[in-house]
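Computed from a prediction, not measured in an experiment: that's the story for all the values here.
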Amino acid sequence: MTTRTRFAPSPTGFLHVGGIRTALFAYLVARQENGKFVLRFEDTDKKREVAGSAEHLISSLRAIGIEYNEGPDIGGPFGPYVQSQRLERYKEWANKLIEQGRAYADPYTPAEIQSFRDEAQTAKRAFRYRDHRPENPPIWDGSQPLRFKCDPKSFTYHDEVMGDVTTSPEVVDDFILIKSDSYPTYNFAHIVDDADMEISHVIRGQEFISSMPNYLALYEALGLRHPIFAHMPHIMNEQGNKKLGKRDGAKDVLDYIRDGYLSETMMSFIATLGWNDGTEQEVFTKDELIEKFSLARVQRSGARFDEKRLLWMNGHFIRELSLDELADRIEFFWPESAKKASEAYKKRVLALAQDRIKTLRDLPGLTSYFFEEPTVNLALITENKQLKKLSTNETVNLLELVKNTFREVTDWTPEVLQDCLNQLLETTDQKPGTLFSLIRVVTTWAPFSPQLNDTLALLGKNTTLARIDAATNHIQ
RNA sequence: GGCCUUAUCGUCUAACGGUUAGGACACAAGGUUCUCAUCCUUGCAAUCCGGGUUCGAUUCCCGGUAAGGUCACCA
């Protein structure tokens with residue numbers, strides 16, 4: 001049997017890291033076994049649907065590097081891949097159940113059901129519809145919900161993550177198959193679709209595990225062999241006290257991309273949240289994940305989303321990139337003032353920044369003085385623990401000396417400049433902490449910068465001399 | 001409240017029943033002729049509690065406790 005996994009979100013908003021992880025694991029299983037990964041939209045709740053979210057979901061998957069083989073926008077042999085376009089199919093299966101006496105119309109009003117529910121709650125029991133199963137339900141005309149007539153029994157199944165599970169008969173209930181608006185519920189539709197689409201592995205969040213007895217009962221009534229199951233633990237919020245959710249500020253995965261996180265980072269980080277390969281390897285490429293991932297090694301406990309670790313990992317992947325590759329990825333993150341700079345110059349700047357940025361978005365803050373005149377900030381001198389020891393005269397004299405020495409340099413390269421700087425240390429009899437700091441500050445007016453000789457070399461002789469001049473005037 | 005699940009450094013996690021309980025992030029200290037970052041070294045830091053089983057338990061069993069999920073005409 002070919003491996004076919006799916007990701008089946010409802011288009012009700014954006015995708016957060018919890019959702020994308022489920023998608024990723026399903027994708028990895030499919031890729032690993034040369035199977036197919038399919039995307040399906042479960043849009044059976046029209047009230048909750050959010051305009052534009054289908055497209056948003058698709059771009060989120062793409063942004064992380066999860067490609068699907070079949071889906072709403074690209075079609076495939078089992079389409080359509082949108083549940084609202086498959087209504088006939090659910091009706092067919094529903095009728096089959098009615099014929100078998102395994103489905104019936106729900107005659108109660110919502111208020112009546114609510115009172116049953118309240119009753120159960122006050123009695124501190126779990127609510128169960130079948131305790132109120134009507135004896136002579138009306139003929140289903142589509143205006144009432146259609147319920148599954150369950151046969152309460154114990155089930156045993158294997159879950160790739162949870163292991164062998166046995167459930168008790170009490171938790172099987174008469175759940176709704178088709179709502180009164182004629183749309184199917186998730187509980188019904190996903191089973192029909194998975195069968196129709198020949199899905200081999202159902203990989204989803206742990207919140208569905210308590211519904212498993214109902215699903216198993218339905219598979220049985222429908223005469224279907226059930227797929228392989230794998231229920232993923234939840235990703236918890238930063239406090240670790242709740243499953244990550246949109247309401248408590250879970251971030252859109254696309255926001256991480258916008259904030260300058262690489263797709264490699266997101267994929268590796270999300271995969272290792274609740275999974276590891278048993279070795280001490282900390283980061284994984286996509287190919288490594290496809291090769292090494294296994295559902296059996298997925299943790300059963302929830303994991304917290306640690307942004308600090310994410311940030312570290314992003315820095316790691318940024319450093320792994322070749323300069324050309326990084327240049328491509330960072331194209332839209334340059335400061336405004338870099339627009340008129342040449343590609344070659346930008347690449348040299350980038351080479352100096354590569355070790356220093358943690359997200360692509362850090363770039364402007366670290367490099368702006370390579371493209372525009374920095375704003376003089378004398379506090380960088382008066383609050384520097386070496387520089388504040390110098391008198392104004394000493395500072396000015398030092399700068400004059402530096403300027404005169406630099407003026408003589410004909411070959412303005414990092415190597416020559418390093419020699420020149422070393423020479424200046426001797427002629428001025430200053431410590432590097434004083435001399436280099438001073439030059440660095442007056443040429444960049446930034447709290448930190450790359451190595452001095454590299455910085456000056458890139459700034460160029462004219463700019464360097466001009467900035468020293470301007471600084472001298474300011475200080476005097 | 002019923003049912004299900006989980007529990008190792010602050011965080012992510014490793015450890016056929018036998019290890020000085022390992023790695024990584026974070027944090028701290030030091031090194032790399034200035035700063036920042038990278039890189040390197042070092043340090044700090046954990047088996048939820050109580051009972052069993054066993055020569056021996058982080059590991060198996062039971063009971064607590066705590067946390068999460070679920071009990072929708074949402075998925």
Side-chain angles (χ1 to χ4, degrees), chain A residues 8-10 12 42-45 47-48 106 110 113-114 117 120-129 144-147 161-162 165 167-168 170-171 173 175-187 189-190 204-213 231 233-234 236 238 240-243 269 272-283 299-313 315-316 319 352-358 362 366 380 384 386-387 418 421-422 425 430-441 444 446-452 455:
Chain A
S10 62
T12 52
E42 312 220 319
D43 59 338
T44 55
D45 186 355
K47 295 185 293 297
R48 290 204 319 153
D106 176 352
I113 293 183
Q114 190 54 46
R117 193 173 287 130
Q121 180 142 28
T122 41
K124 293 192 182 293
R125 278 194 334 259
F127 169 67
R128 226 165 42 186
Y129 183 92
Q144 319 94 329
L146 183 71
R147 283 194 186 259
V161 173
M162 305 307 293
V165 184
T167 68
S168 84
E170 298 107 71
V171 293
D173 198 12
F175 59 94
I176 291 178
L177 301 166
I178 307 234
K179 299 179 273 183
S180 57
D181 66 1
S182 82
Y183 281 92
T185 58
Y186 165 85
N187 298 329
H190 88 273
R204 73 214 329 170
Q206 233 172 28
E207 67 270 25
F208 292 105
I209 217 160
S210 54
S211 304
M212 275 301 289
H231 289 90
H234 289 129
M236 311 297 276
E238 208 108 24
N241 60 2
K242 215 168 177 202
K243 138 184 160 186
F269 185 82
T272 52
L273 216 50
W275 172 87
N276 72 83
D277 72 341
T279 72
E280 286 182 353
Q281 185 166 349
E282 303 284 346
V283 295
Q299 213 89 245
R300 290 192 203 173
S301 55
R304 240 181 263 203
F305 189 79
D306 181 4
E307 299 247 5
K308 287 245 180 75
R309 190 175 164 86
L310 180 72
L311 195 61
W312 161 77
M313 200 176 280
H316 169 85
R319 277 172 254 128
L352 295 184
Q354 184 164 17
D355 277 354
R356 278 161 249 264
I357 55 175
K358 293 255 179 15
D362 294 340
L366 287 166
L380 288 171
N384 180 296
Q386 300 300 329
L387 299 183
Q418 190 57 56
L421 288 166
N422 285 340
L425 283 179
Q430 292 288 347
K431 288 178 174 160
T434 307
L435 183 68
F436 291 1
S437 292
L438 180 61
I439 301 174
R440 201 178 56 73
V441 166
T444 65
F448 39 79
S449 74
Q451 220 167 272
L452 188 53
T455 306

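- Taking 4.0 angstrom as the limit, A:Lys179 places a side-chain polar atom (N or O) nearer than this to OP1 or OP2 of B:A75.
- Side-chain atoms of A:Thr455 come within 3.5 Å of backbone atoms of A:Pro450 as a donor-acceptor pair (strictly under, hydrogens ignored).
- A:Lys358 has no side-chain polar atom (N or O) that falls below the 4.0 Å cut-off from OP1 or OP2 of B:A37.
- A:Ser437 contributes no side-chain N or O that, together with a main-chain N or O of A:Thr434, makes up a donor-acceptor pair within less than 3.5 Å.
- Distance check on atom P: B:U20 versus B:C61 gives 26 Å, rounded to whole Å.
- Comparing the same atom, P, in B:C71 and in B:C12 gives a spacing of 26 Å after rounding to whole Å.
- Under the Watson-Crick and G-U wobble criteria, each requiring two contacts below 3.5 Å, nucleotide B:U33 is left unpaired.
- Note: A:Leu366 CG to A:Asp355 CG = 11.5 Å, rounded to the nearest 0.5 Å.
- Looking only at side-chain heavy atoms (C-beta outward), A:Asn422 and A:Gln418 come within less than 4.5 Å of each other.
- Considering only heavy atoms from C-beta on, A:Ile176 stays 4.5 Å or farther from A:Leu146 through its side chain.
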Below 3.5 Å between N/O atoms, which protein atoms pair up with nucleotides 17-19 of chain B? Just atom names and distances, please.
none

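- Residue order along RNA chain B, read from the 5' end via each residue's closest nucleotide, puts A:Arg309 first among A:Ser10 and A:Arg309.
- With a cut-off of 3.5 Å on both Watson-Crick or G-U wobble distances, the partner of B:U54 is given as none.
- Contacts of A:Met212 with the nucleic acid, taken as non-hydrogen atoms under 4.0 Å apart, are absent.
- Across the protein-nucleic acid pair, A:Leu311 atom CG and B:C12 atom P stand 17 Å apart, rounded to whole Å.
- As rounded to the nearest Å, B:A26 and B:A21 have P atoms that lie 26 Å from one another.
- In this structure, A:Val283 and A:His316 have side chains that are in contact, with non-hydrogen atoms separated by less than 4.5 Å.
- With both pairing distances under 3.5 Å, B:C27 is matched to B:G43 as a Watson-Crick or G-U wobble pair.
- Taking atom P in both B:U59 and B:C16, the straight-line distance is 13 Å, to the nearest Å.
- Side-chain atoms of A:Asp306 and A:Arg304, non-hydrogen and from C-beta on, never get closer than 4.5 Å to each other.
- Taking atom CG of A:Asp306 as the reference point, atom P of B:C27 lies 11 Å away to the nearest angstrom.
- Within the 4.5 Å cutoff, no side-chain heavy atoms of A:Pro233 are placed close to those of A:Arg300.
- Base pairing of B:C48 is made with B:G64, judged by Watson-Crick or G-U wobble geometry with both donor-acceptor distances under 3.5 Å.
- Across B:G50 and B:U58, the matching P atoms stand 12 Å from one another, rounded to whole Å.
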Contact list (N/O, under 3.5 angstrom) for nucleotides 32-35 of chain B vs protein:
{"unit_1": "B:U33", "atom_1": "N3", "unit_2": "A:Asn422", "atom_2": "OD1", "d": "2.8"}
{"unit_1": "B:U33", "atom_1": "O4", "unit_2": "A:Gln418", "atom_2": "NE2", "d": "2.9"}
{"unit_1": "B:U33", "atom_1": "O4", "unit_2": "A:Asn422", "atom_2": "OD1", "d": "2.5"}
{"unit_1": "B:U33", "atom_1": "O4", "unit_2": "A:Asn422", "atom_2": "ND2", "d": "2.7"}
{"unit_1": "B:C34", "atom_1": "O4'", "unit_2": "A:Pro432", "atom_2": "O", "d": "3.3"}
{"unit_1": "B:C34", "atom_1": "O2'", "unit_2": "A:Ser437", "atom_2": "OG", "d": "2.9"}
{"unit_1": "B:C34", "atom_1": "O2", "unit_2": "A:Arg440", "atom_2": "NE", "d": "3.0"}
{"unit_1": "B:C34", "atom_1": "N4", "unit_2": "A:Leu452", "atom_2": "N", "d": "2.7"}
{"unit_1": "B:U35", "atom_1": "O2'", "unit_2": "A:Pro447", "atom_2": "O", "d": "3.1"}
{"unit_1": "B:U35", "atom_1": "O2", "unit_2": "A:Arg440", "atom_2": "NH1", "d": "3.2"}
{"unit_1": "B:U35", "atom_1": "O2", "unit_2": "A:Ser449", "atom_2": "N", "d": "2.8"}
{"unit_1": "B:U35", "atom_1": "O2", "unit_2": "A:Ser449", "atom_2": "O", "d": "3.2"}
{"unit_1": "B:U35", "atom_1": "N3", "unit_2": "A:Ser449", "atom_2": "O", "d": "2.6"}

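- Backbone-only engagement by A:Thr44 is indicated by non-hydrogen atom pairs under 4.0 Å involving sugar-phosphate atoms exclusively.
- Between A:Arg125 and B:G2, a side-chain N or O to OP1/OP2 separation shorter than 4.0 Å is absent.
- With hydrogens and angles ignored, the 3.5 Å screen pairs no side-chain donor or acceptor of A:Arg117 with any backbone N or O of A:Phe127.
- The 5' end of RNA chain B is approached more closely, in terms of each residue's nearest nucleotide, by A:Leu366 than by the other of A:Ile113 and A:Leu366.
- Shown here is A:Gln121, whose CD atom has no more than 12 heavy atoms of other residues, nucleotides or ligands within 6.0 Å.
- The CZ atom of A:Arg319 sits 11.5 Å away from the CZ atom of A:Arg356 when rounded to the nearest 0.5 Å.
- Counting distance only, with no hydrogens placed and no angle test, the side-chain atoms of A:Ser180 and the base atoms of B:C73 include a donor-acceptor pair under 3.5 Å.
- Between the NE2 atom in A:His234 and the CG atom in A:Leu273 there is a gap of 13.0 Å [rounded to 0.5 Å].
- Comparing the P positions of B:C36 and B:U8 gives an interatomic distance of 37 Å, to the nearest angstrom.
- Residues passing the salt bridge (Lys or Arg N to Asp or Glu O under 4.0 Å) test with A:Arg48 are A:Asp45, sequence neighbours excluded.
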* Under 4.0 Å protein heavy-atom contact, by nucleotide of nucleotides 60-70 of chain B - B base, S sugar-phosphate only -> -------SSSS

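- Per the geometry, CG belonging to A:Leu177 stands 12 Å off P belonging to B:C73, to the nearest Å.
- When the P atom is compared between B:A46 and B:G10, the two are found 7 Å apart, to the nearest whole Å.
- With contacts defined as side-chain heavy-atom distances shorter than 4.5 Å, the pair A:Ile209/A:Val165 does not qualify.
- Residue contacts for A:Arg319: at a heavy-atom cut-off of 4.0 Å it reaches the sugar-phosphate backbone alone, with no base atom in range.
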* **Worked check of side chain to side chain contact (heavy atoms under 4.5 Å, CB included) between A:Arg128 and A:Asp173** => CA-CA 6 Å; A:Arg128 226 165 42 186; A:Asp173 198 12; 3.7 Å; yes

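- Rounded to a whole Å, the CZ atom of A:Phe305 is 15 Å from the P atom of B:A26.
- Phosphate contact (OP1/OP2 of B:A72, side-chain N/O of A:Arg117, threshold under 4.0 Å): present.
- The distance from atom CZ of A:Arg204 to atom P of B:C74 is 17 Å, rounded to the nearest whole Å.
- For B:U6, the OP1/OP2 oxygens have a side-chain nitrogen or oxygen of A:Arg300 closer than 4.0 Å.
- As rounded to whole Å, 15 Å separates atom C1' of B:C3 from atom CD of A:Gln121.
- Residue A:Phe269 contributes atom CZ, which lies 12 Å from atom C1' of B:A24 at whole-angstrom precision.
- In this structure A:Arg309 satisfies the salt bridge (Lys or Arg N to Asp or Glu O under 4.0 Å) test together with A:Glu282, sequence neighbours excluded.
- B:C73 and B:C49: their P atoms are spaced 43 Å apart (whole Å).
- As the counterpart of B:G1, B:C71 is assigned, both hydrogen-bonding distances of the Watson-Crick or G-U wobble pattern falling under 3.5 Å.
- The distance between atom CG of A:Asp173 and atom P of B:G2, rounded to the nearest whole Å, is 18 Å.
- Within a heavy-atom distance below 4.0 Å of RNA chain B, the residues of residues 274-282 of chain A found are A:Gly274, A:Asn276, A:Gly278, A:Glu280, A:Glu282.
- Put simply, the side chain of A:Leu425 reaches to within 4.5 Å of the side chain of A:Phe436, judged on heavy atoms.
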